[in-house]
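The structure appears right after this line, and notes come after that.
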Amino acid sequence: NGMIGNIYSMGLALQALETSSEFYAPRKWDRAQAFSVVCNHDYKQPMAMAQVLPSLVGKSYLDAGRKGCAATKGMSPSRRLPLWGVPAPITVQFSITNTLKDYFHYSTSVCVPHKSTLLWVMKKARKEKPDVFSFKTKKTSWGPFVTSIHGLAGNETQRTYWQFFSCWSPLQEGVGTYKPKNWEHIQAIFSTY
């Protein structure tokens, strides 16, 4: 399908394949398909954009500083606001589960604006039920990282963390960029790695 790893590893993978092609035996690789995956994703994190952008202009980080930074016309198509009204709000089901120790499971449904991020959903759940859906995050270069939910924090020594799922499939984006759909059920499950 053109995906190499996940959507956030694509930028570096494309750079590596483009710059190292002369050093390995040619293999069948559909460059257009891989670029299609990248071009059709709505990147929100600056770090991910910084890794994808060089590949889109046929460069890599190795080219930085070699040819200057002159802007290229037509690189950023403008995004126009829709002519129709504001979309209706959506309802997202949100659950938190811990089966590792001191079991708990809580669920709620929250109404948020269309195209809200998962972080916004979590904030709305916390606002409505602060004693149940409390959480903490830390800032990273990839966006906010959830460190604890309901007072239970991940622990590097015990190799635990909060993993997010939709329909039992792990999310490929973080809470700051993932945008749940109407009536989607998002699960935060305390997990081990």
Side-chain angles (χ1 to χ4, degrees), residues 1-3 5-11 36-49 52 79-193:
N1 68 358
M3 183 73 72
N6 66 35
I7 197 66
Y8 293 106
S9 61
M10 287 291 290
S36 175
V37 168
V38 167
C39 290
N40 288 322
H41 184 74
D42 187 18
Y43 287 93
K44 297 289 183 207
Q45 295 297 329
M47 181 65 81
M49 289 180 211
V52 168
R79 293 185 173 221
R80 296 180 184 160
L81 294 174
L83 298 176
W84 55 89
V86 176
I90 63 170
T91 300
V92 178
Q93 296 174 314
F94 180 60
S95 300
I96 58 174
T97 304
N98 168 32
T99 59
L100 297 181
K101 59 181 179 180
D102 302 325
Y103 175 86
F104 62 80
H105 174 80
Y106 299 100
S107 288
T108 190
S109 293
V110 295
C111 185
V112 294
H114 179 70
K115 292 199 173 187
S116 291
T117 64
L118 176 52
L119 184 60
W120 187 261
V121 169
M122 293 175 67
K123 287 178 179 179
K124 183 76 180 263
R126 177 176 62 191
K127 183 178 181 182
E128 292 178 4
K129 298 180 183 176
D131 55 324
V132 175
F133 293 100
S134 61
F135 69 93
K136 293 181 181 175
T137 61
K138 71 176 181 180
K139 290 182 180 182
T140 72
S141 58
W142 288 97
F145 177 78
V146 176
T147 57
S148 73
I149 297 177
H150 193 68
L152 180 59
N155 183 304
E156 289 182 22
T157 305
Q158 296 174 352
R159 300 171 57 96
T160 56
Y161 72 110
W162 284 96
Q163 186 174 18
F164 292 85
F165 295 85
S166 174
C167 298
W168 297 104
S169 294
L171 296 184
Q172 296 296 311
E173 296 180 65
V175 296
T177 56
Y178 185 77
K179 295 178 181 176
K181 295 171 183 52
N182 197 27
W183 288 107
E184 185 171 359
H185 184 192
I186 301 295
Q187 301 159 294
I189 299 177
F190 198 58
S191 307
T192 58
Y193 59 94

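Computed from heavy atoms alone, side chains included, the values below leave out hydrogens, waters and symmetry copies.
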Next item on the list: Among Thr99, Ile96, Thr160, find the residue that satisfies the side chain to side chain contact (heavy atoms under 4.5 Å, CB included) test when tested with Phe190.
Entry: Thr160

Quiz: residues 128-137 side-chain donor-acceptor pairs under 3.5 angstrom, not counting sequence neighbours:
none

Margin query: Counting C-beta onward and ignoring hydrogens, is there a side-chain heavy-atom pair between Gln158 and Leu100 closer than 4.5 Å?
Written below: no

Note to self: Side chains of Val92 and Lys124, heavy atoms from C-beta outward: is any pair under 4.5 Å?
What the structure shows: no

Check: For Gln172 and His41, what are the C-alpha separation, side-chain angles and deciding distance, and is it a side-chain contact (heavy atoms from CB on, under 4.5 Å)?
Finding: CA-CA 12 Å; Gln172 296 296 311; His41 184 74; over 6 Å; no

Next item on the list: State whether a side-chain donor-acceptor pair under 3.5 Å links Ser166 with Glu184.
Entry: yes

Check: What pairs with His105 under side-chain hydrogen bond (donor to acceptor under 3.5 Å, both in side chains), at least two apart in sequence or on another chain?
Finding: Thr97, Ser107

Margin query: Looking at every non-hydrogen atom in both residues, tell me the closest pair between Ser141 and Met47 and how far apart they are.
Written below: O-CB, 3.5 Å

Note to self: To check you understand the geometry: which heavy-atom pair defines the closest contact between Asn98 and Asp102, and what is its length?
What the structure shows: ND2-O, 3.4 Å

Check: Out of Ile189, Leu152, Thr147, which one pairs with Trp162 under the side chain to side chain contact (heavy atoms under 4.5 Å, CB included) rule?
Finding: Leu152

Item checked: Neighbour count above 12 (heavy atom, 6.0 Å) for Trp120 CH2 -> no

Next item on the list: Please confirm whether the backbone N or O of Lys179 pairs with a side-chain atom of Lys115, one donor and one acceptor, at under 3.5 Å?
Entry: no

Checklist line | Heavy-atom closest contact (Gly176 atom, Thr117 atom, distance) | finding: O-CG2, 3.3 Å

Next item on the list: Could you check if a side-chain atom of Asn182 sits within less than 4.5 angstrom of a side-chain atom of Thr91, using non-hydrogen atoms only?
Entry: yes

Next item on the list: Evaluate the side-chain contact (heavy atoms from CB on, under 4.5 Å) criterion for residues Glu156 and Tyr193: first the C-alpha distance (whole Å), next the side-chain angles of each, then the deciding distance (0.1 Å), finally the verdict.
Entry: CA-CA 9 Å; Glu156 289 182 22; Tyr193 59 94; 4.1 Å; yes

Item checked: Nearest non-hydrogen partners of Pro180 and Ile90, listed with the distance -> O-CD1, 3.3 Å

Next item on the list: Working to the nearest 0.5 Å, report the span between NZ of Lys123 and CG of Leu119.
Entry: 4.5 Å

Next item on the list: Specify the closest pair of heavy atoms between Gln187 and Cys167, including all atoms of both residues, with the distance to one decimal.
Entry: OE1-N, 4.3 Å

Next item on the list: With rounding to the nearest 0.5 Å, note down the distance linking CZ in Phe145 to NZ in Lys138.
Entry: 6.0 Å

Next item on the list: For residues His185 and Phe94, report the shortest heavy-atom separation together with the two atoms involved.
Entry: CD2-N, 4.3 Å

Notebook entry, point to check: Can you find a pair of side-chain heavy atoms, one from Ile186 and one from Leu118, that are under 4.5 Å apart?
Noted result: yes

